[in-house]
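To start, the structure under review is shown below, and the notes come after it.
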Amino acid sequence: MRVLRTVGTALTLCAAAWLTAAAPAAADGTDGKDGKDTPTEAGTNFRTATEIEPGQKATAAASTGDYLYWAFPAAAGRIPKVEAELKLPDAASRHGGATWQLDVYDGLRRHQPCASGMPTRRAAQQDRSVTVSCTLRQVRSWSERWANDPLPGAYYVRLTVVDLPAQDLGLPIDAEIEASTGEAGGAHADGGDLTPLNPVLRAGTAPGTDSEPPDDTSSASPDDDKGGDVPHAVAEPEDGWGSGWWSDRWVWTVIGAALAALAGVGGYTLTRGPRHPGRPPIGTGSDI
């Protein structure tokens with residue numbers, strides 16, 4: 001009975017640890033920001049890319065042939081995914097099919113290949129809409145100098161048409177885009193610490209004026225090192241750029257510890273042999 005009680009206590013502690021550890025996991029897996037206004041425009045280059053948050057849909061009205069840019073943050077241990085839908089003009093106003101392409105770049109403006117999805121798709125003349133998507137590899141917390149691994153920081157999305165009849169340039173289109181960053185899981189976690197690739201946006205000399213760009217050395221303030229007054233391409237995620245302390249490895253560690261404790265109790269019970277409470281121990285005065 002004592003063994004059964006021990007086993008029951010260990011299982012109860014294991015279940016409690018599981019539930020306690022699973023709570024942060026559920027919180028970390030939630031993407032998107034509630035209460036935020038949906039962006040209704042897109043940038044025309046990297047420096048003017050419209051910032052969007054993971055899980056937030058953005059829209060833009062543009063012309064066929066425009067380059068549309070957005071930017072979003074991705075932390076280490078995440079798998080960025082971007083999906084865009086284009087609403088095309090009426091077939092009567094078009095002169096043929098068109099090929100649309102979605103490209104994703106990191107903070108160094110390095111093109112990142114898609115691990116899955118369909119970043120390039122051909123739309124026939126009668127199609128009313130077309131959807132393109134791209135899922136990147138897991139964002140790593142470190143990388144070799146020669147590698148092109150996704151690293152934490154800003155990611156730029158570019159959407160444009162790459163092949164269409166010349167007569168269709170300038171026709172109006174509506175774009176809707178959403179970026180998400182799913183959790184890769186503790187099985188794919190890697191140790192490391194890297195400064196995020198989040199470019200600093202500083203204003204230069206305005207055209208037609210005599211104003212000078214700000215001096216990085218003379219006008220620097222203590223808050224600049226903390227990122228307080230320095231505008232970046234994207235805002236830092238709430239949980240930081242790292243993967244954080246939580247990982248589902250904690251769950252398996254707790255389960256392994258509980259199983260090891262149970263194995264120890266069971267082994268001790270099997271090897272100590274039967275007990276005889278009524279028999280006095282050998283070497284006492286009762287044997288004389």
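For an aromatic pair to be called close, the ring centres must be under 6.0 Å apart, and Tyr156 with Tyr69 fails this.
Applying the side-chain contact (heavy atoms from CB on, under 4.5 Å) criterion to Ala260, with sequence neighbours excluded, gives no partner residue. Taking Ala123 as the reference, Leu88, Trp100, Asp127, Val130 meet the side-chain contact (heavy atoms from CB on, under 4.5 Å) condition, with sequence neighbours excluded.
For the pair Tyr155 and Gln112, the minimum side-chain heavy-atom distance is below 4.5 Å. By the 4.5 Å heavy-atom criterion applied to side chains, Leu151 and Asp106 are not counted as neighbours. A 4.5 Å side-chain heavy-atom check between Val161 and Thr99 finds every atom pair outside the cut-off. Looking at heavy atoms from C-beta onward, Asp103 lies in side-chain contact with His111 at the 4.5 angstrom threshold. Side-chain contact between Trp241 and Glu236 is present, with at least one heavy-atom pair separated by less than 4.5 Å. Counting only heavy atoms from C-beta outward, the side chains of Pro73 and Pro237 approach each other to under 4.5 Å. Here the side chains of Lys87 and Glu85 are in contact, with some heavy-atom distance below 4.5 Å. Looking at Val157 and Phe72, their side chains come closer than 4.5 Å, going by heavy atoms from C-beta outward.
One finds the CG atom of Leu102 at 7.5 Å from the OG atom of Ser133 (value rounded to the nearest 0.5 Å). Distance check, rounded to the nearest 0.5 Å: OG1 of Thr64 to CG of Leu164 gives 7.0 Å. To the nearest 0.5 angstrom, Arg137 atom CZ is 6.0 Å from Asn148 atom CG. Going from atom CH2 of Trp70 over to atom CZ of Arg158 covers 12.0 Å, rounded to the nearest 0.5 Å. Distance check: Met118 CE to Gln101 CD gives 13.0 Å after rounding to the nearest 0.5 Å. The line from NZ of Lys81 to OG1 of Thr181 is 12.5 Å long, rounded to the nearest 0.5 Å.
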Extract all donor-acceptor atom pairs below 3.5 Å that involve side chains of residues 167-178 and protein atoms in other chains or at least two apart in sequence.
{"from": "Asp168", "atom 1": "OD1", "to": "His95", "atom 2": "N", "distance (Å)": "3.1"}
{"from": "Asp168", "atom 1": "OD1", "to": "His95", "atom 2": "ND1", "distance (Å)": "2.8"}
{"from": "Asp168", "atom 1": "OD2", "to": "His95", "atom 2": "N", "distance (Å)": "3.1"}

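Of the possible donor and acceptor atoms, one in the side chain of Arg94 sits under 3.5 Å from a partner among the backbone N and O of Ala124. In this structure, Arg121 contributes its side chain and Thr131 its backbone to a donor-acceptor pair below 3.5 Å. Judged by distance alone, the side chain of Asp66 and the main-chain N or O of Leu68 form no donor-acceptor pair under 3.5 Å. The closest donor-acceptor contact from the side chain of Asn198 to the backbone of Val234 lies under 3.5 Å. Not one N or O on the side chain of Arg78 forms a donor-acceptor pair closer than 3.5 Å with the backbone of Pro80. Judged by distance alone, with hydrogens and angles left aside, the side-chain atoms of Glu51 form a donor-acceptor pair with the main-chain N or O of Ala235 at under 3.5 Å.
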message = Show, in sequence, the C-alpha distance, side-chain angles and deciding distance for Val132 and Leu159, and conclude whether the side chain to side chain contact (heavy atoms under 4.5 Å, CB included) test is met.
response = CA-CA 9 Å; Val132 288; Leu159 180 63; 3.9 Å; yes
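When all heavy atoms of Arg110 and Ala147 are compared, the pair lying nearest together is NH1-O, 3.3 Å. Heavy-atom minimum distance, Gly65 versus Thr160: O-OG1, 4.2 Å. When all heavy atoms are compared, the tightest approach of Ile52 to Ala58 is CG2-CB, 3.6 Å. Between Gly107 and Pro199, the closest heavy-atom pair is O-CG, 3.3 Å. In terms of heavy atoms, Thr50 sits closest to Gly43 at OG1-N, 3.4 Å. Smallest separation of non-hydrogen atoms from Leu136 and Pro113: CD2-O, 3.5 Å.
Side-chain N/O atoms of Ser93 and Asp90 include no donor and acceptor closer than 3.5 Å.
Few gaps surround OH on Tyr105; more than 12 heavy atoms of other groups in view lie less than 6.0 Å from it.
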